[in-house]
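For this chain, numbers begin at 1 and follow the sequence in order. Quick caveat, the model's predicted, so the values are computed rather than measured.
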Amino acid sequence: METKAVRLYGKKDLRLEAFELPEIKEDEILASVVTDSICMSTWKLANQGQEHKKAPQDLENNPIIIGHEFCGEILEVGSKWQGKYQAGERYVVQANLQLPDRPDCPGYSYAYTGGDATYIILSRDVMEQDCLIPYKGETYFEGSLIEPLSCVIGAFEANYHLIEGSYEHRMGIKSDGHLLIMGGTGPMGLLAIDYALHGPTTPKKIVITDMSDEKLKRAEKLYPNQNGIEVTYLNVKELENQVEVLKQTVSGGFDDIFVMVPVSDVVADASKLLNPDGCLNFFAGPQDKSFSAPINFYDVHYSFTHYVGTSGGNTEDMRKAVELIETKQVKVANVVTHILGLDAVAETTLHQPEIGGGKKLVYTHLSSKLLPLAEMENHNAQLADILHKTDGIWSKEAEEYVLKNFNRI
């Protein structure tokens, strides 16, 4: 079968190509991809090329398909997996395979397994790690947002606090505590707010910081006070001392802090804001391998403050994310700000920081330039009318429209 895919050949060398997939082996699965959500991790991969820890060393001769937040349909099942998976079934993939002997992951390491393609072969590694997950949601695009939601779930569950009177820990954010999300208006920050409001353990108060009034106002509109939880949005751009101002918002400090931007000063300030037994999660992934920040070790010793970092979720986090989306407990559509076709993936991936906004959603079988949802009236009047019904939020109706009416690639 011929596929069209965006492949990485080296640093900033992304190419859209058509090529033949080989016949699947007994332990592989042939699948279509319908949607892929572009992740900043792919931007880092493209910048680092073969120096990325998950990329092969010979990319020039053995390119890989990029994209790891994808959703589609199973087309053909190798004999080993027949009975467990069915042709016609929708699927999502937990890209963080956690193989015992190598760092390989879909979208980073495989010649035929990645999200920015029309058709792919799911490697046996995916199934053997139990990372191919059936998905019964009503849209493909929400399936492509399960992987980033699973990363948030994993981060929330990685935080921990002491069980009083012991050295044992209770995993997860503190129930009825104070939660701070620093740099929290990007797509992952919005998912974190959503999960904090609707997850199994909820705080008493959430504070979100950023340096953009526009982003903060959008976030506040999407996630106001609800479920008895007070939500505060704060622009820290002009603050001389954000630590003091943030302490005033909760009359003290924070039990859980998520740092969503790789900025040393932000990490240092977060350290100063922890309550006793507070936990700081460095969620942001820096490109600089020597990135560091000063933290308060006096508080580590005497106040039992904790520090963790998370990179991706696990398969159980993915299954929880599937359930949350299938049951509509979270609204992942809120984080989509752009759509595009496969022919715009390379340029969009390489320019993510300059483009800004939230998630860029790829319809892999379609041809389209990058289209901001907020400017859709300038590009497609019918699609703009559909988006008007949901106040600009991507929807099932919008997806069905583009799948039916946009040009095939």
Side-chain angles (χ1 to χ4, degrees), residues 40 145 148-149 151-153 155-156 159 173-199 201-263 265-275 278-284 329-337 353 356-359 372-374 390-394:
M40 281 297 291
L145 297 170
L149 178 59
C151 296
V152 169
I153 293 172
F156 272 61
N159 275 32
I173 66 168
K174 187 173 182 178
S175 178
D176 208 31
H178 292 156
L179 170 64
L180 173 63
I181 305 175
M182 304 182 79
T185 64
M188 301 307 289
L190 296 181
L191 290 176
I193 300 169
D194 202 333
Y195 188 66
L197 290 168
H198 303 105
T201 304
T202 55
K204 178 180 181 180
K205 184 166 185 174
I206 306 171
V207 178
I208 299 97
T209 69
D210 208 283
M211 301 176 72
S212 165
D213 279 334
E214 181 182 0
K215 289 183 177 180
L216 286 162
K217 287 177 181 177
R218 182 175 186 269
E220 185 171 13
K221 183 178 181 180
L222 293 171
Y223 305 108
N225 297 346
Q226 54 188 283
N227 300 331
I229 302 169
E230 182 182 348
V231 189
T232 300
Y233 296 87
L234 180 66
N235 190 326
V236 297
K237 185 175 183 179
E238 304 297 334
L239 296 183
E240 293 184 7
N241 190 336
Q242 73 167 331
V243 172
E244 289 305 313
V245 175
L246 284 165
K247 284 183 176 180
Q248 292 171 13
T249 64
V250 291
S251 301
F254 293 87
D255 303 297
D256 294 279
I257 300 176
F258 289 85
V259 177
M260 313 299 283
V261 290
V263 178
D265 288 345
V266 176
V267 177
D269 282 351
S271 178
K272 299 172 186 176
L273 288 161
L274 284 171
N275 280 334
C279 189
L280 187 159
N281 188 308
F282 183 57
F283 188 93
Q329 294 181 62
V330 297
K331 299 178 181 178
V332 291
N334 288 342
V335 306
V336 178
T337 57
K359 279 291 185 181
L373 303 192
T390 54
D391 201 18
I393 304 298
W394 198 243

CG/Leu222 to NZ/Lys217 distance, rounded to the nearest 0.5 angstrom? 14.5 Å
Atom pair CD/CG of Gln248 and Leu234 - distance to nearest 0.5 Å: 10.5 Å
Whether the side chain of Asn281 engages the backbone of Ala155 through a donor-acceptor N/O pair (distance < 3.5 Å, no angle test) should be reported. yes
Among side-chain atoms of Glu230 and Asn225, is any donor-acceptor pair under 3.5 angstrom? no
For the backbone of Lys174 and the side chain of Asp256, can you confirm whether one donor and one acceptor N or O come within less than 3.5 Å of each other? yes
Check whether any side-chain heavy atom of Met211 lies under 4.5 Å from a side-chain heavy atom of Val236, and answer yes or no. yes
The ring pair (Phe, Tyr, Trp, His ring centres under 6.0 Å) partners of Phe282 (sequence neighbours excluded) come to Phe291
Write down the atom of Ile173, the atom of Pro203, and the distance for their closest heavy-atom approach. CD1-CD, 4.2 Å
How close do Met182 and Gln242 get, heavy atom to heavy atom, and via which atoms? CE-NE2, 3.8 Å
From CG (Leu216) to OG1 (Thr209), nearest 0.5 Å: 8.0 Å
Can you tell me if Asn241 uses its side chain to pair, donor with acceptor, with the backbone of Val243 under 3.5 Å? yes
Residue pair Phe283 / Val259, side-chain heavy-atom distance below 4.5 Å: no
May I have the list of side-chain donor-acceptor pairs in residues 186-197 shorter than 3.5 Å, sequence neighbours left out?
unit_1: Asp194; atom_1: OD1; unit_2: His198; atom_2: ND1; d: 2.7
unit_1: Asp194; atom_1: OD2; unit_2: Tyr223; atom_2: OH; d: 3.4
unit_1: Asp194; atom_1: OD2; unit_2: Lys331; atom_2: N; d: 2.9

Given side chains that start at C-beta, do those of Val231 and Ile208 come closer than 4.5 Å, heavy atoms only? yes
Please give me the minimum heavy-atom distance between Gly184 and Met260, naming the atom from each residue. CA-CG, 4.3 Å
Is Asp210 salt-bridged to Lys237, going by a charged N under 4.0 Å from an acidic O? no
Could you pull out the closest heavy-atom pair between Pro262 and Ala284, with the gap in Å? N-CB, 3.4 Å
Lys205 (side chain) donor-acceptor with Thr249 (main chain) under 3.5 angstrom: yes
Quick one: does Leu145's side chain get under 4.5 Å of Lys359's, heavy atoms only? yes
Let me confirm one number: the CD1-CZ distance from Ile206 to Phe258, rounded to the nearest 0.5 Å. 10.5 Å
Atom pair SG (Cys279) and CZ (Phe254), whose distance is rounded to the nearest 0.5 Å: 14.5 Å
For Pro224, is there any backbone N or O sitting under 3.5 Å from a side-chain donor or acceptor partner on Gln226? yes
Report the distance from atom CG of Leu273 to atom CG of Asp255, rounding to the nearest 0.5 Å. 12.0 Å
Any side-chain heavy atom of Ile257 sitting closer than 4.5 Å to one from Leu274? yes
